[in-house]
Amino acid sequence: MNSEEEFYDAETGLESDDSCEVSFKDALVSGSCASQQNGVWERRKTLPAVMISRNNFSVWSILKKCIGMELSKIAMPVEFNEPLSFLQRFSEYMEHTHLIHQACSLSDSIERMKVVAAFAVSAVASQWERTGKPFNPLLGETFELVREDEGYRLISEQVSHHPPISAFHAQSLKQDFEFHGSIQPKLKFWGKSVEAEPKGIMTLELLKHKEAYTWTNPMCCVHNIILGKLWIEQYGTVEIINHSTGDKCIMNFKPCGMFGKELHKVEGYIQDRSKKKRSVIYGKWTECMYSVDPKVYEAFKKSDKKMGSDSQKVKREHDCEGEEADELPEVQETVTVIPGSALLWRITPRPLHSAQMYNFTSFAMTLNELEPGMERLIAPTDCRLRPDIRAMENGDIDLASSEKERLEEKQRAARRERSKDEEEWSTRLLPNQRCLSVSKCRYRKTNQVVPPGNEPVHWGRGLALHRWIL
């Protein structure tokens with residue numbers, strides 16, 4: 001089979017006997033092999049090549065016709081991208097899984113809510129300075145991540161193409177928690193900026209406590225798309241609800257503001273079922289989060305307001321002069337810790353070479369890596385096997401561009417065929433946009449019932465998938 005036809009995405013609906021031979025191995029290029037240290041495998045700490053240059057690329061030539069439009073329906077040049085699929089990008093929610101384990105171990109519901117709130121903030125922290133767009137997943141594309149060292153496993157799938165919807169389900173290896181949701185990203189270009197609305201509900205279940213928490217993620221905006229230094233802000237209200245106890249956490253991701261005073265700040269409070277404020281949480285989504293008693297917080301704010309100096313006012317007036325609306329504010333002070341506060345979460349420092357590696361975190365560096373023996377286990381639909389992402393990771397922008405165009409055209413052709421046959425797309429791993437919480441799970445491709453504890457399960461066309469009972 002021609003190597004250009006070897007990426008099996010579920011969109012194609014291949015049913016021939018040859019399809020079971022699709023392994024994508026021939027499409028793997030240099031740089032995808034796992035590293036060895038003294039004969040012991042280690043997760044990689046860098047990408048195979050540095051970030052591609054965007055200096056000779058005209059963003060305006062592409063976006064000038066897209067003002068006010070929804071960008072997820074428009075094919076973008078590969079220069080816009082970073083070498084990860086969106087399925088891999090939102091698996092970065094799991095970078096701070098230790099917070100979920102910590103919440104599982106706490107006996108008080110308010111204390112658990114504090115840590116769950118910190119996890120919700122940490123889940124979007126990796127977006128800081130990540131100005132590259134992840135690759136749009138193909139319909140039926142999947143991603144599996146098993147981290148025994150962190151005690152969880154995750155599976156995700158692109159379950160809809162128009163509108164684009166990605167679903168995921170993560171589970172503790174010790175049956176302590178489940179974390180799942182679906183995201184329908186909406187991107188709009190407003191002339192100087194691109195605004196991303198991550199529509200979709202996140203659900204965290206702490207099984208030992210029989211609790212379910214839900215929330216939605218804040219809005220994200222990338223400024224200076226055309227000229228100037230790219231910078232990101234997140235803003236909006238995030239409400240976390242404990243559906244078992246009635247506790248709520250209401251957090252405000254603050255917009256930058258005219259003078260940049262509020263840039264990256266998050267402030268909120270936790271209330272119990274009777275709407276009594278039990279704790280205040282504050283910090284920055286780029287740095288850390290703290291909790292403090294509401295009375296202590298109010299007393300500190302009153303004192304801080306009285307101590308506002310004239311020199312600060314003069315400085316702000318000076319900074320305002322000649323400032324353009326989308327310029328990155330110079331005000332970047334760290335979080336002022338209120339006496340009596342408790343640290344909930346602190347961001348993991350990024351590697352020194354992160355700026356040359358698409359501003360990836362250490363966790364993100366590992367997501368497209370093929371571990372030893374992984375080719376035998378992951379499905380041919382896994383995004384680690386996409387040739388366009390692999391080529392971009394290795395610095396081959398021409399191959400990445402041609403492969404991206406080929407796969408997108410392949411997807412369009414398959415959609416036309418389904419439309420001609422009036423065939424409706426059926427998801428493979430996460431039916432109904434998320435994995436069903438039932439005692440028995442059936443694969444869409446076959447009628448095989450998965451018995452408890454079996455992993456991996458071999459089914460259909462020689463595929464081997466990590467699958468578990470929910």
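All values reported here derive from a predicted model rather than from experimental measurement.
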Looking only at atom types and distance, does a side-chain atom of [X] sit under 3.5 Å from a main-chain N or O of [Y], one as donor and one as acceptor?
X      : Y      : value
Asn217 : Pro198 : no
Ser244 : Lys210 : yes
Tyr358 : Ile52  : yes
His180 : Gln171 : no
Ser354 : Phe360 : yes

Note: [X]-[Y] ion pair, threshold 4.0 Å (strictly below):
X      : Y      : result
Lys302 : Glu298 : no
Asp388 : Arg386 : yes
Lys174 : Asp176 : no
Glu371 : Arg43  : yes

Considering residues, nucleotides and ligands other than Leu173, do more than 12 of their heavy atoms fall under 6.0 Å from its CG? yes
Tell me, yes or no, whether the heavy-atom count around Arg278 atom CZ, taken from other residues, nucleotides or ligands under 6.0 Å, exceeds 12. no
CA sep, side-chain torsions, deciding dist, call: Ile100, Leu206, side chain to side chain contact (heavy atoms under 4.5 Å, CB included): CA-CA 8 Å; Ile100 305 181; Leu206 304 185; 4.1 Å; yes
So His223 and Trp231, would you call those rings parallel, tilted or perpendicular, with 30° and 60° as cut-offs?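 Judged by the thresholds at 30° and 60°, the geometry between His223 and Trp231 is parallel.
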So Ile240 and Lys248, do their side chains get closer than 4.5 Å, heavy atoms only?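 The answer is no, as the side chains (C-beta and beyond) never meet within the 4.5 Å cut-off.
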Taking the side chain as every heavy atom from C-beta outward, state whether Tyr93 and Ile183 have any atom pair closer than 4.5 Å. yes
Starting from the C-alpha separation in whole Å, work towards a yes-or-no answer on side chain to side chain donor-acceptor pair (under 3.5 Å) for Tyr213 and Glu211. CA-CA 7 Å; Tyr213 300 79; Glu211 291 179 338; 2.6 Å; yes
Ring pair (Phe, Tyr, Trp, His ring centres under 6.0 Å) against Tyr282, all qualifying residues, sequence neighbours excluded: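 For Tyr282 the ring pair (Phe, Tyr, Trp, His ring centres under 6.0 Å) partners, ignoring immediate neighbours, are Tyr290.
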Excluding sequence neighbours, so at least two apart, what forms ring pair (Phe, Tyr, Trp, His ring centres under 6.0 Å) with His243?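 If we apply the ring pair (Phe, Tyr, Trp, His ring centres under 6.0 Å) test to His243, skipping adjacent residues, there are no hits.
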Distance-only polar pair, side chains of Ser85 and Glu141, donor-acceptor under 3.5 Å: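 Yes - a donor-acceptor pair under 3.5 Å links their side chains.
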